[in-house]
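Written out below as structure tokens is the structure these notes cover.
A note on names: the letters A, B, ... follow the listed sequences, proteins ahead of strands, and every chain is numbered from 1.
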Amino acid sequence: MVSAPVLVGMAEIHVLRDSGLLSCLGLGSCIGIVMLDPETGIAGMAHLMLPESFSKKPTDKPGKFVNTGIQELIGQLERAGADRHRLRVAYSGGAQVFKFGSEAGLKLDLGARNASAVKSLLDELGLDTVAIDVGGHTGRTMTFTVETGIVTVRTVTQGESVLCQLR
Amino acid sequence: MSTLTLEDILSKTSDLPTMPAATVQVLRELDREESSAQSVATYMQQDPALSARVLRLANSAFYGTPTPIMRVGDAIMLLGNINVRNLCLVASTYAWMTKPLPGYDLGPGKLWEHSFAVAVGAELIANETRSAEKGHAFTAGLLHNLGKLAMSVWLENKLQAIQLLAERDDLSFDETERRVFGFDHAQVGAHLGEKWNLPKPLVDAMRFHHNPDACDPTSSIVDCVHVADYLASSLGYGLGGDGLRYYLAEGSLTRLKLNADILEGLCEPFTEEYDRFMKLFHEKDAA
């Protein structure tokens, strides 16, 4: 029997061990990011909304921002027994509205800025990024099967396709 | 080019939403300068379910009143006109806005999620820019995508082909709808709004929410809804198969005196306001 996926809503982070499905529905400019420690079978997914927090106040939803969300996801994985040096990563999303009229648009392009912020932080942390699927104008649904390590992405135009296998 | 007309779409689409008469009367009374909590209550009491919801919200922990509120008029006075208006709209639209719309690849509750987010965002932008009355911006945001309810059935099994056409010819989604059907969901919504006798600013927000520069004269409410739609879609609130394939009109940003920095700064309070409003108004929480 195929189990129902754990839906990772906006700003949420979920961690599973060995089996189960994790899914981010309707990613627009947001980023769905998945990490797996293949040795322990501990995996997690976060649904990140914005590049970084602008207010100085602490947030009760670290998954809302790229900078706090990735650190929180790694933290939860480590507390569950994963080793950050073994983590394999894939992410998807970062779409943008159809067209901008000027240079101001570059700053308004949340999707590209989210994707860029994720890449910078992952590079800085030295994590192994296996696959990236970002950009465009369509919404995405990203699903991760913990047992097999397969990451799929579904769009209206392309249907569902395998992005990568993290195991 | 399709030979369908707007009338065809509406007359051939079964199960179109209707706005309860009591809600329309309450909204009109709230807009009347001489209205009072008691005069609004007179209309509201025609709808016992609506009255019950207003009383429930007034007696919720959020307001923390020391003694129970028993009369609808007292509840209206406590909540204030803006909250009463928003609650009426939410209560009246929730049932039909939570239905799935397969034509737009929107699952159950997704049109609602998007519309509610645009309502909250439009109110926030109206307040920040002091450009429009907050309650009207909320209402316009909540109703802006009404046309999708009528159009969805016509897009079923065609969405992928429409998106592929949009990609091939580098068109926005509303441009593609116009090419395929002769009109888009914004025009259908405005037509429905006119049939409901909604005020012109609300009908304008439905008609021009993807093309605010075409509204003549330009309208702050339309601009607030347009920018809120951009924020809500970008952040993924109720995103459907049309995705982000829409223009962001810089004219709206200019008229509202918003630049990229201010707009980005609004993203965080927008998500906080959405969470706060959801707790306040959402059907499950209020039930």
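The line from CD of E52(A) to CD of E264(B) is 7.5 Å long, rounded to the nearest 0.5 Å. For the atom pair CG (L25(A)) and NZ (K110(B)), the distance works out to 6.0 Å, reported to the nearest 0.5 Å. Residue F65(A) holds its CZ atom at 6.0 Å from OG1 of T271(B), rounded to the nearest 0.5 Å. For the atom pair OH of Y230(B) and OG of S29(A), the computed distance is 7.0 Å after rounding to the nearest 0.5 Å. Note that OG1 of T141(A) and CG of D105(B) are 7.5 Å apart. Values are rounded to the nearest 0.5 Å. With rounding to the nearest 0.5 angstrom, the OG1 atom of T157(A) is 12.5 Å from the CG atom of L165(B).
For a residue to count as touching a neighbouring chain, one of its non-hydrogen atoms must lie under 4.5 Å from one of that chain's; by this rule M10(A) touches chain B with the side chain only. With a 4.5 angstrom heavy-atom cutoff, L50(A) touches chain B only via side-chain atoms. Contacts between D275(B) and chain A at a heavy-atom distance below 4.5 Å involve the side chain alone, from C-beta outward. Contacts of L253(B) with chain A are made by side-chain atoms alone, with heavy-atom separations under 4.5 Å and no backbone atom involved. Of the two parts of L263(B), only the side chain, counted from C-beta on, holds a non-hydrogen atom closer than 4.5 Å to a non-hydrogen atom of chain A.
Between S234(B) and V97(A) the shortest heavy-atom distance is OG-CG1, 4.0 Å. The two residues L110(A) and C267(B) come nearest to each other via the heavy atoms CD1-SG, 4.0 Å.
F173(B) has its side chain out of reach of H137(A): every pair of non-hydrogen atoms, C-beta onward, lies at least 4.5 Å apart.
The environment of CG in D18(A) is crowded: more than 12 heavy-atom neighbours from other residues, nucleotides or ligands sit within 6.0 Å.
Aromatic pair F98(A)/Y246(B): ring centres not closer than 6.0 Å.
Most heavy-atom pairs under 4.5 Å with chain A, from the set G240(B), A161(B), G241(B), G107(B): that is G241(B). Between chain A and the residues R245(B), Q163(B), Q160(B), E167(B), the most heavy-atom pairs under 4.5 angstrom are made by R245(B).
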